[in-house]
Amino acid sequence: MKTIFLESHNISNRAGGLGTFNYELIRGLRNNDLNGLDIWLTAKKPKELEKEFGSVFNYYQYKPLQRHSLFRIKKKHDLWHSLNQNTKIEPYKVSKYLLTVHDVNFVEEESADMNHEHNKRFTKKLERASAITYISEFAKKQAHRYFDIPKIPEYVIYNGNPITYFTDTSDYISKVPSEKPYIYSLGDFQERKNFLSLIKMISLIPDFNLVISGNNNHEYGSIIKNYISDNNLTDRVFLTGKVDETGKQFYMKNCIAFAFPSIREGFGLPPVEAMKFGKPVFLSNLTSLPEIGGDAAYYWDNFDPEYMMQRLLDGLTDFENNKAQREATLKKRADFFNWDRSAAEYLKVYRSLL
């Protein structure tokens with residue numbers, strides 16, 4: 001029996017991309033053949049995971065002190081899988097080490113100086129890695145652009161679609177007005193999400209509202225709130241804050257389009273989720289998004305408000321004129337991303353390393 005440790009402590013933040021990745025990968029692993037593998041998970045509240053997954057996995061309790069070398073987990077495993085490039089939790093002893101890279105945006109957003117703490121920490125991960133997986137071809141290209149990647153096996157494994165079934169939203173009570181046609185967007189309020197461009201665009205389209213979900217208790221959230229207030233858009237632009245699965249599906253199901261103008265994205269789960277509903281999806285043409293959206297999405301080449309407005313209106317017209325075909329293309333693209341299949345690919349990597 002080979003033991004595998006998944007550094008999964010980010011699973012507690014299911015509203016964020018990393019938490020979603022951790023949870024969905026683990027759920028996908030549960031649905032695959034784990035014969036001969038003893039997989040260990042770590043979480044702040046492992047009892048909650050145990051209630052869902054039972055004896056399929058074994059569990060550690062995550063403690064912040066484990067970030068420090070003296071308090072690292074000392075039990076040696078045959079394979080340590082670091083589920084993202086930012087985690088500070090590392091093995092006490094290095095055995096086989098698999099690193100999953102979502103993006104290296106920190107080089108562009110924090111510092112390109114390789115002596116910066118974040119870059120040095122990532123470099124150490126690369127040095128101990130036995131193999132690397134990337135969640136998109138863009139993520140791989142971006143990592144190679146800034147870092148000397150060791151000559152070890154590299155794999156691109158796409159994320160799956162978190163929406164595998166539709167929840168009943170008939171009793172959901174929206175915290176914001178949703179009767180008027182609205183454009184929907186979703187994500188943590190970070191500058192890279194570029195929500196401000198959507199607000200400037202929607203100010204030019206009086207027939208539509210804009211609804212944005214996600215944690216807005218950040219500096220960028222304050223910038224967004226102030227812009228809405230200063231430009232008298234409080235009756236046109238609505239921020240829901242974080243939403244649960246039912247809320248997310250409610251807004252996606254009832255919007256006229258989903259918009260995601262992110263300027264830095266290692267993958268981009270929300271557009272894939274929106275495609276599941278057959279909704280027209282509008283993305284920026286930057287980083288990984290064209291790779292993920294394929295020919296199912298519409299794209300913005302720049303963020304001039306009038307250009308974005310016209311591209312949106314033209315796209316909505318095209319969608320309505322070809323609705324059956326467009327919906328089928330969107331749903332097919334959404335189903336291309338499958339967590340059980342992704343987990344099976346990770347298992348192949350595990351077994352190749354072991």
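FYI, side chains are in, hydrogens and waters are out, and symmetry mates aren't considered; it's all heavy atoms of this structure. Being a predicted model, the structure only gives us computed values, none of them experimental.
Using a 4.5 Å heavy-atom threshold, the side chains of Leu99 and Ser82 count as touching. Proximity of Tyr307 to Asp301: side-chain heavy atoms (C-beta onward) are separated by under 4.5 Å at one or more points. Here the side chains of Ile132 and Leu126 are in contact, with some heavy-atom distance below 4.5 Å. Using a 4.5 Å heavy-atom cutoff, the side chains of Leu29 and Phe57 are in contact. Considering only heavy atoms from C-beta on, Ser178 stays 4.5 Å or farther from Val211 through its side chain. In this structure the side chain of Met308 never reaches within 4.5 angstrom of the side chain of Phe282, judged on heavy atoms. For the pair Ile183/Ile256, a side-chain contact is recorded, criterion being any heavy-atom separation below 4.5 Å from C-beta on.
Between Ser213 and Thr240 the shortest heavy-atom distance is OG-OG1, 2.6 Å. Of all the heavy atoms in Gly266 and Ala139, the pair that sits closest is O-CB, 4.5 Å. Heavy-atom minimum distance, Val107 versus Met114: CG1-CE, 4.5 Å. Across every non-hydrogen atom of Ala343 and Gly28, the tightest pair is CB-C, 3.3 Å. Of all non-hydrogen atoms in Leu330 and Lys279, the two that sit nearest each other are CD1-O, 3.2 Å.
Among His77, Glu90, Glu127, the single residue meeting the side chain to side chain donor-acceptor pair (under 3.5 Å) criterion with Tyr97 is Glu90. With His81 as reference, Tyr350 is the one residue of Tyr350, Phe5, Trp40 to meet the ring pair (Phe, Tyr, Trp, His ring centres under 6.0 Å) rule. For the pairing with Glu7, the side-chain contact (heavy atoms from CB on, under 4.5 Å) check across Asn22, Ile73, Ile89 returns one residue only, Ile89.
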key: Trace of the salt bridge (Lys or Arg N to Asp or Glu O under 4.0 Å) decision for Asp340 with Arg27   = CA-CA 8 Å; Asp340 286 354; Arg27 195 169 69 154; over 6 Å; no
task = Report the C-alpha separation of Leu37 and Arg351 in whole Å, then their side-chain angles, then the decisive distance to 0.1 Å, and conclude whether the side chain to side chain contact (heavy atoms under 4.5 Å, CB included) test is met.
result = CA-CA 9 Å; Leu37 301 178; Arg351 289 191 164 103; 3.7 Å; yes
Candidate pair Arg341 and Glu345, rule salt bridge (Lys or Arg N to Asp or Glu O under 4.0 Å), full reasoning = CA-CA 6 Å; Arg341 187 165 59 243; Glu345 292 186 44; 5.1 Å; no
key: Gln310 and Glu306: CA distance, side-chain angles, deciding distance, side-chain hydrogen bond (donor to acceptor under 3.5 Å, both in side chains) verdict   = CA-CA 6 Å; Gln310 195 58 54; Glu306 292 191 2; over 6 Å; no
task = Kindly determine whether Asn86 and His118 satisfy side-chain hydrogen bond (donor to acceptor under 3.5 Å, both in side chains), including the steps that lead there.
result = CA-CA 8 Å; Asn86 294 322; His118 208 148; 2.9 Å; yes
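Note that the OG1 atom of Thr133 and the CG atom of Leu98 stand 5.0 Å from one another [nearest 0.5 Å]. Rounding to the nearest 0.5 Å gives a distance of 12.5 Å between CD1 of Ile223 and CG of Asn216. Atoms CZ and NE2, on Arg121 and His116 in that order, are 9.0 Å from each other to the nearest 0.5 Å. For the atom pair CD1 of Ile202 and CG of Leu312, the computed distance is 6.5 Å after rounding to the nearest 0.5 Å. One distance of note links CG of Leu347 with CG of Leu34; it measures 6.0 Å at 0.5 Å rounding.
The local environment of NZ in Lys180 is crowded, with over 12 non-hydrogen atoms from other residues, nucleotides or ligands closer than 6.0 Å. Atom NZ of Lys96 has 12 or fewer heavy atoms from other residues, nucleotides or ligands within 6.0 Å. Atom CD of Glu110 is surrounded by more than 12 heavy atoms from other residues, nucleotides or ligands within 6.0 Å. The neighbour count for Lys51 NZ, taken as heavy atoms of other residues, nucleotides or ligands under 6.0 Å away, does not exceed 12. Within a 6.0 Å sphere centred on CD of Glu109, other residues, nucleotides and ligands contribute more than 12 heavy atoms. For Ile173, the CD1 atom sits in a loose shell: 12 or fewer heavy atoms of surrounding residues, nucleotides or ligands are nearer than 6.0 Å. Within a 6.0 Å sphere centred on NZ of Lys225, heavy atoms belonging to other residues, nucleotides or ligands number more than 12. More than 12 non-hydrogen atoms from other residues, nucleotides or ligands lie less than 6.0 angstrom from CG of Asn302.
Between Asp188 and Asn215, the side chains place no donor N or O within less than 3.5 Å of an acceptor N or O (distance only, hydrogens not considered). Using modelled atom types, one finds a donor on one side chain and an acceptor on the other under 3.5 Å when comparing Tyr298 with Asp318. Using modelled atom types, one finds no donor on one side chain facing an acceptor on the other under 3.5 Å when comparing Lys276 with Asn161. Using modelled atom types and a 3.5 Å distance limit, the side chains of Tyr62 and Arg67 yield a donor-acceptor pair.
Remark: side-chain polar atoms of Glu320 are not paired, donor with acceptor, to backbone N or O of Thr317 under 3.5 angstrom. Between the side chain of Ser8 and the backbone N or O of Thr42 there is at least one donor-acceptor pair closer than 3.5 Å. Between the side chain of Thr169 and the backbone N or O of Tyr172 there is no donor-acceptor pair closer than 3.5 Å. In terms of modelled atom types and a separation under 3.5 Å, the side chain of Arg333 and the main chain of Ile292 share a donor-acceptor contact. For the pair Asn119 (side chain) and Ser111 (backbone), a donor-acceptor distance under 3.5 Å is present. Judged by distance alone, with hydrogens and angles left aside, the side-chain atoms of Asn10 form no donor-acceptor pair with the main-chain N or O of Gly19 at under 3.5 Å. At distances below 3.5 Å, not a single donor-acceptor pair connects side-chain atoms of Glu219 with backbone N or O atoms of Glu191. Proximity of a side-chain donor or acceptor of Lys248 to a complementary backbone N or O of Pro270 within less than 3.5 Å is not detected. A donor-acceptor pair under 3.5 Å links the side-chain atoms of Arg236 to the main chain of Phe208, judged by distance alone. Checked by atom type and distance alone, the side chain of Asn231 never pairs as donor or acceptor with a backbone atom of Leu233 at under 3.5 Å.
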Side chains of residues 150-157: which donor-acceptor partners sit under 3.5 Å, not counting sequence neighbours?
residue, atom, partner, partner atom, Å
Glu154, OE1, Tyr134, OH, 2.6
Glu154, OE1, His144, NE2, 2.7
Glu154, OE2, His144, NE2, 3.4

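Cation-pi geometry between Lys253 and Phe277 is not satisfied (NZ or CZ under 6.0 Å from the ring centre, within 45° of the ring normal). Within the cation-pi definition used here (under 6.0 Å to the ring centroid, within 45° of the axis), Arg30 does not qualify as a partner of Phe53.
Between Trp339 and Phe21, the angle of the ring planes goes over 60°, which puts this pair in the perpendicular group of the 30/60° scheme. Ring-plane geometry between Phe260 and Phe258 is classed as parallel, the angle between the planes falling under 30 degrees on a 0 to 90 degree scale with a further cut at 60. Between Phe195 and Phe189, the angle of the ring planes lies from 30° to 60°, which puts this pair in the tilted group. Using bins of under 30°, 30° to 60° and over 60° for the plane-to-plane angle, the ring pair Tyr158/Phe267 lands in the tilted bin.
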